[in-house]
Protein chains: 2
Amino acid sequence: MVKNSGKSTENSLNERLAARGFRFTTQREHVYHVLMGHRDHPTAEQVFMRAKKGMPEISMATVYNCLGALTESGLVREVNVDPTAMRYCPNMEDHCHFYCDECGEVYDIDFDGSQPGVELPKGFQASAFELAIHGACPKCVKKQDLR
Amino acid sequence: MVKNSGKSTENSLNERLAARGFRFTTQREHVYHVLMGHRDHPTAEQVFMRAKKGMPEISMATVYNCLGALTESGLVREVNVDPTAMRYCPNMEDHCHFYCDECGEVYDIDFDGSQPGVELPKGFQASAFELAIHGACPKCVKKQDLR
DNA sequence: CTAGGTGCAAAAGGTTTGCGGTTAA
DNA sequence: TTAACCGCAAACCTTTTGCACCTAG
């Protein structure tokens, strides 16, 4: 994992936001660092709870605003794999997601060299794709086996 | 497209429901036929509106119940590609979905022979996968070009 | 200086649930 | 006969919006 100094992170964050016409704010910086602090897939609510630890006055509306700005700036991915809520993923590398229908946990799954290639009909313009796999995660498979 | 007689459809529907412990009800039959009547991806609300035409007393709660039973019975697919609402797909053949971020329309996209193959880490048990492509559909691409 | 962002509270969807009455098996 | 299902209405949860104040550029 590459480790950046705080300063360079701030600069690149500023630049990425500015490139999309967003302002650099302390809330966006904070939400960004909160997301980067865990390699998981929190809901907006979970981001809110974590963000409040270092910034108690932050509001849910601001969290949604920040998540939107970070997503549009390409710093974070929205992951629409959990039917109950949007998830946010700090891992921008090419990968897909496993959703455990038992416990609701989301896992990153690497593409082993072979991304899915689908030929779109004429006229369609793709901007992104998301491969979601549903099933049971190892923990839940074990629980089922014990029954 | 294969066309079944009403009777055989009812029988297979009954069997598929019974296999999962669901009862055969007139509401479930109706919702099933409403879904099969269009090759699109309606929201529960849209299914509700269509279902009311032939069954004015049906309720939203029942529509959700029927959609759940039909999905669990493998007669219909849930498509989680629209961030604003679950979509329901009557096409059970292997295919993926294109979501137009401009107009919100969902399109079926065929796999041209090559389904995405991803190797899951040990312990994961997959039950389904869904490939969602985001972008602009032909109609919306045209609109953008006119600007 | 001012367009854009923040915080708060209220509203707006989509989906689920509780309950009394009904029905498939 | 009875567990499952229906219809209705209320509740729930995630996400959006309106507004007064604030702040980055």
Side-chain angles (χ1 to χ4, degrees), chain A residues 10-11 13-32 34 41-52 54-73 76 78-88 101 104 106, chain B residues 10-11 13-32 34 41-49 51-52 54-73 76 78-88 99 101 104 106:
Chain A
E10 186 188 307
N11 281 341
L13 181 57
N14 194 337
E15 283 163 22
R16 301 289 285 273
L17 287 169
R20 288 296 193 111
F22 291 112
R23 286 191 184 165
F24 176 86
T25 67
T26 56
Q27 286 85 349
R28 285 177 183 158
E29 185 183 26
H30 184 61
V31 167
Y32 179 68
V34 157
H41 305 82
T43 62
E45 178 69 30
Q46 290 170 319
V47 173
F48 179 48
M49 291 188 303
R50 292 177 193 173
K52 274 201 289 195
M55 188 178 273
E57 345 72 59
I58 197 171
S59 71
M60 195 68 211
T62 297
V63 168
Y64 273 105
N65 176 318
C66 293
L67 290 171
L70 294 172
T71 301
E72 282 195 51
S73 304
V76 149
E78 281 185 332
V79 178
N80 186 19
V81 66
D82 175 355
T84 69
M86 185 64 76
R87 304 299 196 103
Y88 295 87
D101 291 310
V106 177
Chain B
E10 185 188 308
N11 281 342
L13 181 56
N14 194 336
E15 283 163 23
R16 301 289 284 272
L17 287 169
R20 288 297 194 112
F22 291 112
R23 286 190 183 164
F24 177 86
T25 67
T26 56
Q27 286 85 350
R28 284 176 184 158
E29 186 183 25
H30 184 60
V31 167
Y32 179 68
V34 157
H41 306 82
T43 62
E45 178 69 30
Q46 290 171 319
V47 173
F48 180 48
M49 292 189 301
K52 275 200 289 193
M55 189 178 273
E57 346 71 59
I58 198 171
S59 71
M60 195 68 213
T62 296
V63 168
Y64 274 106
N65 177 317
C66 293
L67 291 171
L70 293 172
T71 301
E72 281 195 51
S73 304
V76 149
E78 281 185 332
V79 178
N80 186 18
V81 65
D82 175 354
T84 70
M86 185 65 75
R87 305 298 197 104
Y88 295 88
Y99 180 73
D101 291 311
V106 177

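Order of the sequence lines sets the chain letters (A, B, ...), proteins ahead of strands, with each chain counted from 1. These numbers come from the heavy atoms of this one structure, side chains and all, not from hydrogens, waters or symmetry mates.
The nearest pair of heavy atoms linking B:Val47 to B:Pro42 is CG2-CG, 3.7 Å. For the residue pair B:Arg28 and B:Cys66, the shortest heavy atom distance occurs at CG-SG, 3.5 Å.
Rounding to the nearest 0.5 angstrom, the gap separating the CD atom in A:Glu72 from the CZ atom in A:Arg20 is 6.5 Å. Here A:Asn80 contributes atom CG and B:Tyr99 contributes atom OH; the two are 9.0 Å apart, rounded to the nearest 0.5 Å. Taken from NZ in B:Lys52 to CD1 in B:Ile58, the straight-line distance is 10.0 Å, to the nearest 0.5 Å. Distance OH/A:Tyr88 to CE/A:Met86: 5.5 Å, rounded to 0.5 Å.
OP1 or OP2 of C:dT16 has not a single side-chain nitrogen or oxygen of B:Tyr64 nearer than 4.0 Å.
Listed by chain and number, the residues in a salt bridge (Lys or Arg N to Asp or Glu O under 4.0 Å) with A:Arg87 are A:Asp82 (sequence neighbours excluded).
Between the CD atom of A:Gln46 and the C1' atom of D:dC13 there is a distance of 14 Å, given to the nearest Å. Distance A:Leu67 CG to C:dG5 P: 14 Å, rounded to the nearest Å. Counting to the nearest Å, the P atom of D:dT14 and the CZ atom of A:Arg87 are 10 Å from each other. In this structure, B:Glu78 places its CD atom 16 Å from P of C:dG14, rounding to the nearest Å. Regarding B:Asp82, its CG atom lies at a distance of 13 Å from the P atom of D:dT15, rounded to whole Å. One atom, CE of A:Met60, and another, P of D:dC13, lie 14 Å apart when rounded to the nearest Å. Across the protein-nucleic acid pair, A:Glu15 atom CD and D:dA24 atom C1' stand 17 Å apart, rounded to whole Å. Between the C1' atom of D:dT14 and the CG atom of B:Asn80 lies a distance of 14 Å, rounded to the nearest Å.
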Q: Spell out protein contact along nucleotides 1-12 of chain D as letters: B when the base is contacted, S when just the sugar-phosphate is, - when no protein heavy atom is under 4.0 Å; keep the 5' to 3' order.
A: --BBSSBB----
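At a threshold of 4.0 angstrom between heavy atoms, the contacts of B:Thr84 are confined to the sugar-phosphate backbone, with no base atom among them.
In this structure, B:Glu29 and B:Leu13 have side chains that are in contact, with non-hydrogen atoms separated by less than 4.5 Å. At least one side-chain heavy atom of A:Thr62 sits less than 4.5 Å from a side-chain heavy atom of A:Ser59.
When the local axes at the two ends of the helix from C:dC1-D:dG25 to C:dA25-D:dT1 are compared, using 5 base pairs at each end, they differ in direction by 50° after rounding to 10°.
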